[in-house]
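This report concerns only the one structure given below.
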Amino acid sequence: MRRKVIAGNWKMNMLPNEAIKFIEEFAPLVKDTKAEVILCVPYIDLFYALLNAQETNIKIGAQNMHFEESGAYTGEVSGKMLKSIGVEYVIIGHSERRQYFAETDETVNKKIKAAFEYGLKPIVCVGENLEQREKGVTEEIITKQTELALDGLSKDQVKNTIIAYEPIWAIGTGKTATSEDANNSVKAIREKIAKLYGKEVAEEVIIQYGGSVKSSNAAELFSTSDIDGGLVGGASLKPEEFAKIVNYDK
Ligand code: 13P
């Protein structure tokens, strides 16, 4: 059986002192969970988060990276840099980066390859917008995004990629996909991976759901056949609420 992976995406929130306080409060609340717990924090919090999460079961991730190793890319941070301080995960291709920062399927693919090159585990976001959903092309969009993101990866790399299905219309809106709908989309992604990389690979890939996950809907979403946990935005900013999500099965 696949493990559950529950990741918080703090987006552009939390100062270092707030990150430290969060981890102090959050760590004891999730110490007994079977799920893998990840906090994806702003760059300036990474070092503090890593130090304070030592000797806990909390893993630390970044929210973006550049695909080059180093060079004249003002304001960017490379996978090599993230790895050098002990970061383990990195979110790639979040819809906010696709929407506001010109992230494309091509740069997403390059970043995933670079993440593996430097020993980071990518959490890759795919998802349809409202217009696409209303047109009935959700499956087409998310399976194409998945195919382009994973293009050229080895089977082993695909197995170690976490995919986060995040319908854009559900992010930060309070609107959640029904668990049935979300599970069907996740299944479609898994079927696409099976077609491209084989059933055995597809059965191992962790596919999360993201979009207005909270403690009141986490259990239902995470108990479906194909959803392997969540990528949580707003609700991951409060230690007690996020701990309830992590402990959804208790
Ligand atoms: P919310 O949980 O705030 O809807 O955000 C979801 C998200 O974008 C996580 O990456």
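Counting starts at 1 for both ligands and their atoms, following the listed order. The model shown is predicted, which means the values in this text are computed figures rather than measured ones.
In terms of N/O distances under 3.5 Å, ligand 1 is approached by G172. Considering backbone and side-chain N/O atoms, N9 comes within less than 3.5 Å of an N/O atom of ligand 1.
A heavy-atom separation below 4.0 Å is found between A170 and ligand 1. Not a single heavy atom of A235 sits under 4.0 Å from any atom of ligand 1. Between G210 and ligand 1 there is no heavy-atom distance shorter than 4.0 Å.
For ligand 1, the atoms lying closer than 4.0 Å to a non-hydrogen atom of G234 are 1 (P), 2 (O), 3 (O). Close contacts of ligand 1 with G211, meaning ligand atoms under 4.0 Å from a residue heavy atom, involve 4 (O), 6 (C). Those atoms of ligand 1 with a heavy atom of S212 less than 4.0 angstrom away are 1 (P), 2 (O), 4 (O).
Judged by distance alone, the side chain of K4 and the main-chain N or O of F222 form a donor-acceptor pair under 3.5 Å. Side-chain atoms of D228 come within 3.5 Å of backbone N or O of I207 as a donor-acceptor pair. Put simply, the side chain of D45 never gets that close to the backbone of A19: no donor and acceptor are under 3.5 Å apart.
Nearest non-hydrogen protein atom to atom 5 (O) of ligand 1 is K11 NZ, 3.3 Å. Annotation: atom 2 (O) of ligand 1 to nearest protein heavy atom, G233 N, 2.9 Å. Looking at atom 7 (C) of ligand 1, its nearest protein heavy atom turns out to be E166 OE2, 3.2 Å.
A side chain to side chain donor-acceptor pair (under 3.5 Å) check over residues 11-31, counting only residues at least two apart or in different chains, returns the pairs K11-E96, K21-E25.
Between C40 and I123, the closest heavy-atom pair is SG-CD1, 4.3 Å.
Under the 4.0 Å criterion applied to side-chain N and carboxylate O atoms, E139 and K192 are not assigned as salt-bridge partners.
Residue-level proximity to ligand 1 for L231 is carried by backbone and side chain together, each with a heavy atom below 4.0 angstrom. With a 4.0 Å heavy-atom cut-off, ligand 1 is reached by no atom of A164.
Surrounding CD of E204 are more than 12 heavy atoms belonging to other residues, nucleotides or ligands, all under 6.0 Å away.
Annotation: side chain of L231 is in contact with side chain of I91 (closest heavy-atom distance under 4.5 Å). Side-chain atoms of L82 and Y43, non-hydrogen and from C-beta on, do get closer than 4.5 Å to each other.
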